[in-house]
Asks: 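Structure provided below as structure tokens; questions to follow.
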Amino acid sequence: MVDLCETLESTLRKLIKENGLKAGIAFPTGCSLNCVAAHWTPNTGDKTVLQYDDVMKLDFGTHVDGYIIDSAFTVAFNPTFNPLLEASKEATNTGIKEAGIDVRLCDVGAAIQEVMESYEVEINGKVFQVKSVRNLHGHNIRPYKVHAGITVPSVKCDSQIKMEEGEFYAIETFGSTGKGAVREDLECSHYMKNFDVGYVNLRWAREKQLLTTINKNFSTLAFCRRYLDYIGETKYHMALKNLCDVGILKALPPLSDAEGSYVSQFEHTILLRPTCKEVISRGDDY
């Protein structure tokens, strides 16, 4: 899994012509497996190997001048899981179709849930109705802020908030054979500076130095431990924890459904322009 992520990330850096905070990778490569839905990437030294029966969510993004494209798809080699993948793919496409200027978010969520939960998948002789994961959402995106405060639900809800012209939205859905709800799980790899954090008096030089490095290389973009290793940081774990404890950073642990379940994900980023709805993450190959 480390090899897979590093290959993808080195390719992204070349294609986007990485240039400090002007252009580059927007957040860590998510490659969550099976019941893990999101926010998992291998830390340095992790020996996890992708297997034939794994369901892998590949979630990655780029940015230019802080304008982020957020995208994800799911890979499964065993055709048993094809209906599960198809459910979240079609649910995401439905969310894109329903989205638009002045559209209520509750209507988008209801349409997504209806499509997602019309699917079922048979695994080892047992049939599961695919559930729309209710506590993972799409979101609007602002410069250098991948989750900008508005959530795009993937289930029926009461939100009367309307989508607005000129906004970027990540439409993402998660289909699960489990409970349809996730919880924090496993060792943390993802971190992000709190967007609205003010001045905090730090006591130790190592914390100050690490924060300076984070500000210079990531600002408020999400990062992971491997990215700190990549830029040459060492022995940073205590300082990283302390920056989380005082509220400057936010730890984003992996999110998992019930053990033994399987989760799939598809995601695109859209821009609601005055005259059209542009899917800016969809190319000829996706």
Side-chain angles (χ1 to χ4, degrees), residues 1-9 25-61 70-78 80-89 91-92 112 116-117 119 121 123-124 126 128-139 146-147 151 154-155 170-192 222-227 244 250-267:
M1 299 296 284
V2 168
D3 296 338
L4 184 152
C5 288
E6 290 181 348
T7 299
L8 185 149
E9 289 160 359
I25 296 172
F27 51 83
T29 303
C31 51
S32 307
L33 298 176
N34 304 326
C35 69
V36 185
H39 294 174
W40 187 86
T41 200
N43 288 320
T44 299
D46 191 297
K47 302 296 185 182
T48 303
V49 174
L50 186 63
Q51 304 290 335
Y52 174 77
D53 287 323
D54 285 334
V55 175
M56 177 179 66
K57 284 68 65 181
L58 200 57
D59 191 343
F60 63 100
D70 191 351
S71 171
F73 60 94
T74 300
V75 175
F77 307 104
N78 188 334
T80 293
F81 299 109
N82 286 352
L84 177 63
L85 272 61
E86 187 71 15
S88 53
K89 186 175 184 178
T92 294
I112 287 171
M116 182 80 80
E117 298 187 353
Y119 283 82
V121 55
I123 303 172
N124 296 326
K126 185 175 180 180
F128 299 86
Q129 181 190 8
V130 179
K131 296 177 182 175
S132 198
V133 177
R134 59 184 178 271
N135 59 342
L136 283 175
H137 315 280
H139 47 91
V146 67
H147 288 237
T151 60
S154 54
V155 294
I171 306 296
E172 62 179 320
T173 71
F174 296 81
S176 177
T177 64
K179 296 178 179 178
V182 294
R183 69 196 189 286
E184 293 184 353
D185 190 24
L186 306 175
E187 181 181 54
C188 189
S189 56
H190 287 47
Y191 300 85
M192 184 166 60
F223 62 94
C224 63
R225 293 187 195 177
R226 282 189 299 103
Y227 291 2
C244 292
K250 184 176 182 180
L252 303 167
L255 300 170
S256 299
D257 203 330
E259 187 173 352
S261 65
Y262 295 91
V263 180
S264 66
Q265 174 200 16
F266 279 83
E267 177 179 21

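All values below were derived from every heavy atom in this structure, side-chain atoms included, with hydrogens, water molecules and symmetry-related copies excluded.
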Asks: Report yes or no: does Asn135 contribute a side-chain atom to a donor-acceptor pair with the main-chain N or O of Val182 at less than 3.5 Å?
Replies: yes
Asks: Mind checking whether Ser189 and Pro28 have side chains closer than 4.5 Å, heavy atoms only?
Replies: no
Asks: For residues Val133 and Ser176, determine if any side-chain heavy atom of one lies less than 4.5 Å from a side-chain heavy atom of the other.
Replies: yes
Asks: Quick check: do Ser154 and Met116 have side-chain heavy atoms less than 4.5 Å from each other?
Replies: no
Asks: Decide yes or no for His147 and Met192: does some side-chain heavy atom of the first lie under 4.5 Å from some side-chain heavy atom of the second?
Replies: no
Asks: Does Pro254 offer a backbone N or O that forms a donor-acceptor pair with the side chain of Asp185 under 3.5 Å?
Replies: no
Asks: Check the pair Glu9, Tyr227 against side chain to side chain contact (heavy atoms under 4.5 Å, CB included), reporting the backbone distance first and the verdict last.
Replies: CA-CA 10 Å; Glu9 289 160 359; Tyr227 291 2; 2.9 Å; yes
Asks: Any chance the side chains of Thr92 and Thr173 put a donor and an acceptor closer than 3.5 Å?
Replies: yes
Asks: Show the nearest heavy-atom pair for residues Phe128 and Thr177, with the distance to one decimal.
Replies: CD2-O, 3.6 Å
Asks: Rounded to the nearest 0.5 Å, what separates atom CZ in Phe77 from atom CE in Met56?
Replies: 6.0 Å
Asks: Indicate yes or no for a side-chain donor-acceptor contact from Arg183 to the backbone of Asp257 under 3.5 Å, with no hydrogens or angles considered.
Replies: yes
Asks: Testing the basics here: between Ala76 and Val55, what is the closest heavy-atom pair and its distance to 0.1 Å?
Replies: CB-CG2, 4.3 Å
Asks: Flag the pair Thr74 / Tyr262 as yes when at least one side-chain heavy-atom distance between them is below 4.5 Å, and no otherwise.
Replies: no
Asks: Can you check whether Leu136 reaches Gln265 side chain to side chain, under 4.5 Å on heavy atoms?
Replies: no
Asks: Nearest 0.5 angstrom please: Phe174 CZ to Ile112 CD1, how far?
Replies: 11.5 Å
Asks: Taking all non-hydrogen atoms of both residues, which atom of Phe73 and which atom of Val75 are closest, and how far apart?
Replies: CE1-CG2, 3.6 Å
Asks: Should Arg225 and Glu187 count as an ion pair when the cut-off is N to O under 4.0 Å?
Replies: yes
Asks: Which pair of heavy atoms, one from Pro83 and one from Tyr119, lies closest together, and at what distance?
Replies: O-CD2, 3.7 Å
Asks: Any chance you could measure Lys179, atom NZ, to Arg134, atom CZ, to the nearest 0.5 Å?
Replies: 9.5 Å
Asks: Is there a donor-acceptor pair closer than 3.5 Å between any side-chain N or O of Lys131 and the backbone N or O of Gly178?
Replies: yes
Asks: Side chains of Ile123 and Leu84, heavy atoms from C-beta outward: is any pair under 4.5 Å?
Replies: no
Asks: What distance separates Cys244 SG from Leu252 CG, expressed to the nearest 0.5 Å?
Replies: 8.5 Å
Asks: Please check this pair: side chain of Glu117 against backbone of Ser132, looking for a donor-acceptor N/O pair closer than 3.5 Å.
Replies: yes
Asks: Decide whether Ser88 and Ser264 meet the rule of one side-chain donor and one side-chain acceptor closer than 3.5 Å.
Replies: yes
Asks: Glu259 side chain to Cys35 main-chain N or O, any donor-acceptor pair under 3.5 Å?
Replies: no
Asks: Would you check if the side chain of Asn78 reaches a backbone N or O of Thr80 as a donor-acceptor pair within less than 3.5 Å?
Replies: yes
Asks: Nearest 0.5 angstrom please: Asn43 CG to Met1 CE, how far?
Replies: 12.5 Å
Asks: Taking all atoms of both residues into account, what is the closest heavy-atom pair of Val2 and Pro42, and its distance?
Replies: CG2-CB, 3.5 Å
Asks: Could you tell me whether a side-chain N or O of Thr29 sits under 3.5 Å from a main-chain N or O of Phe60, the two making a donor and an acceptor?
Replies: no
Asks: Could you tell me whether a side-chain N or O of Lys126 sits under 3.5 Å from a main-chain N or O of Val121, the two making a donor and an acceptor?
Replies: no
Asks: Would you give the length of the straight line joining atom CD of Glu172 to atom CG of Asp70, rounded to the nearest 0.5 angstrom?
Replies: 6.0 Å
Asks: Can you give me the closest heavy-atom contact between Thr41 and Cys5, atom names plus distance?
Replies: OG1-SG, 3.7 Å
Asks: Hey, does His39 have a side-chain heavy atom less than 4.5 Å from the side chain of Glu184?
Replies: no
Asks: For the pair Lys57 (side chain) and Val263 (backbone), establish whether a donor and an acceptor sit closer than 3.5 Å, ignoring hydrogens and angles.
Replies: yes
